[in-house]
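Read through the structure below, which is laid out as structure tokens, and then see the notes.
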Number of protein chains: 2
Amino acid sequence: MDRIPENCPVDDALGVLVGKWKHMILLYLLQEGTKRFNELKRMMPGITQKMLTKQLRELEDEGIIQRKVYAQVPPKVEYSITEYGRSLEPVLQAMHEWGVKHTMRRDVKQDQIKSS
Amino acid sequence: MDRIPENCPVDDALGVLVGKWKHMILLYLLQEGTKRFNELKRMMPGITQKMLTKQLRELEDEGIIQRKVYAQVPPKVEYSITEYGRSLEPVLQAMHEWGVKHTMRRDVKQDQIKSS
DNA sequence: CGGCATCCTGGGCGATACTG
DNA sequence: CAGTATCGCCCAGGATGCCG
């Protein structure tokens, strides 16, 4: 982290990850490779087609994931991480590690409240 | 990154960073140490008192920053990163590095559009 | 100086229905 | 199967004004 930037790079990174399901999609595609639309949908209970489509489009527009359409009936569309998308792995990694610690600390805080 | 969790730790990390100004506040406090309310405000042109207050409160509630009130007139309130808050540094670091590359890539994309 | 209370708006997000 | 098309809610975030 050199200087505080005028147009913050951290903002850019945050931008592509913010969205209720985006990081989930990325984690799934990173860990389990190529997935079809409905496979992703099934993996995220609660998400609607509209939202899944939207977030996939946004990630695609950013160049983070790839969309491959098979010309067949019934339709088949596969999504996968791009090379560029893999560059986000350290970021997700850092967030995941912090999240694990955070959850632990939250438990500690709960204990402190209980014992006070 | 071990397994895809039910309650995603990545979500937790994202949660504390999301908010239009939160990461900015954190970067300032990390890099420049303790700051007064109006110092922070001056550093972020465009932010309103309400928003600054709100985001500071949220960060404080998470235990990420510390609020120190001096009993004097005029009032003086100082904000600083907690030890716990410093644990976010690797996350910010990772996002910053990615952001720098991302900006570069976006420029490349612009060039590609121009030359097409 | 460092807030809090109030009002308001945009758009993120969801529910539902329809389609090639 | 993998989407569009509509409608509508909620709330993060902004504008403004008052206060100890």
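Note on naming: letters A, B, ... go to the chains in the order of the sequence lines (proteins, then strands), and numbering restarts at 1 for each one.
Look at A:Arg36 and you'll find a side-chain N or O under 4.0 angstrom from OP1 or OP2 of D:dA2. For B:Tyr79, a side-chain nitrogen or oxygen approaches OP1 or OP2 of C:dG3 to under 4.0 Å. Between B:Gln55 and D:dA12 there is no side-chain polar atom (N or O) within less than 4.0 angstrom of OP1 or OP2.
Rounded to whole Å, atom C1' of D:dG3 lies 13 Å from atom CD1 of A:Ile47. Rounded to whole Å, the distance from CD1 on B:Ile25 to P on C:dG2 is 14 Å. Per the geometry, NZ belonging to B:Lys41 stands 11 Å off P belonging to C:dG2, to the nearest Å. Taking atom CE of B:Met51 as the reference point, atom P of C:dG3 lies 15 Å away to the nearest angstrom. When the P atom of C:dG2 is taken as reference, atom NZ of B:Lys76 falls 9 Å away, rounded to whole Å. Rounded to whole Å, the distance from CG on A:Leu40 to P on D:dG3 is 10 Å. Atom NZ in A:Lys35 sits about 15 Å away from atom P in D:dC1, given to the nearest Å. Atom CD in B:Gln72 sits roughly 12 Å away from atom C1' in C:dG2 (whole-Å rounding).
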Check: residues 71-82 of chain B side-chain donor-acceptor pairs under 3.5 Å, at least two apart:
unit_1: B:Glu78; atom_1: OE1; unit_2: B:Tyr70; atom_2: OH; d: 2.8
unit_1: B:Tyr79; atom_1: OH; unit_2: B:Arg67; atom_2: NE; d: 3.2
unit_1: B:Thr82; atom_1: OG1; unit_2: B:Gly63; atom_2: O; d: 2.7
unit_1: B:Thr82; atom_1: OG1; unit_2: B:Ile64; atom_2: O; d: 3.0
unit_1: B:Thr82; atom_1: OG1; unit_2: B:Tyr84; atom_2: N; d: 3.4
unit_1: B:Thr82; atom_1: OG1; unit_2: B:Gly85; atom_2: N; d: 2.9

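In this structure, A:Gln49 and A:Phe37 approach most closely via the heavy-atom pair O-CZ, 4.0 Å.
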Between N or O atoms, less than 3.5 Å apart, protein on one side and nucleotides 4-10 of chain C on the other: list the pairs.
unit_1: C:dC4; atom_1: OP1; unit_2: B:Arg57; atom_2: NH2; d: 3.2

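Contacts of B:Pro74 with the nucleic acid, taken as non-hydrogen atoms under 4.0 Å apart, involve only primed sugar atoms and P, OP1 or OP2.
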Residue pair A:Leu29, A:Leu40: steps toward the side-chain contact (heavy atoms from CB on, under 4.5 Å) verdict: CA-CA 9 Å; A:Leu29 292 183; A:Leu40 287 171; 4.0 Å; yes
If you apply the rule side-chain contact (heavy atoms from CB on, under 4.5 Å), what do you find for A:Arg86 with A:Glu83, and how did you get there? CA-CA 5 Å; A:Arg86 291 211 174 274; A:Glu83 261 325 292; 4.2 Å; yes
Does the side-chain contact (heavy atoms from CB on, under 4.5 Å) test come out yes or no for A:Glu62 and B:His102, once each step is laid out? CA-CA 10 Å; A:Glu62 296 275 356; B:His102 177 253; 3.5 Å; yes
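Residues B:Leu17 and B:Met95 meet the side-chain proximity criterion, which asks for heavy atoms closer than 4.5 Å. Side-chain atoms of A:Lys35 and A:Met43, non-hydrogen and from C-beta on, do get closer than 4.5 Å to each other.
For B:Glu39, there are no salt bridge (Lys or Arg N to Asp or Glu O under 4.0 Å) partners, not counting sequence neighbours. Remark: A:Asp11 pairs with B:His23 by the side chain to side chain donor-acceptor pair (under 3.5 Å) rule, at least two apart or across chains. Residues satisfying the side chain to side chain donor-acceptor pair (under 3.5 Å) test with A:Lys22, not counting sequence neighbours, are A:Glu58.
Between the two ends of the helix from C:dC1-D:dG20 to C:dG20-D:dC1, each summarised by a five-pair axis, the helix axis turns through 50° (rounded to 10 degrees).
The A:Thr48 side chain lies nearest to C:dG14 when the options are C:dG14, C:dG20, C:dG3. Across C:dG3, C:dC1, D:dA2, the shortest atom-to-atom separation from the side chain of B:Phe37 is found for C:dG3. Set against D:dA2, C:dG3, C:dG14, the side chain of B:Val77 has C:dG3 as its closest nucleotide.
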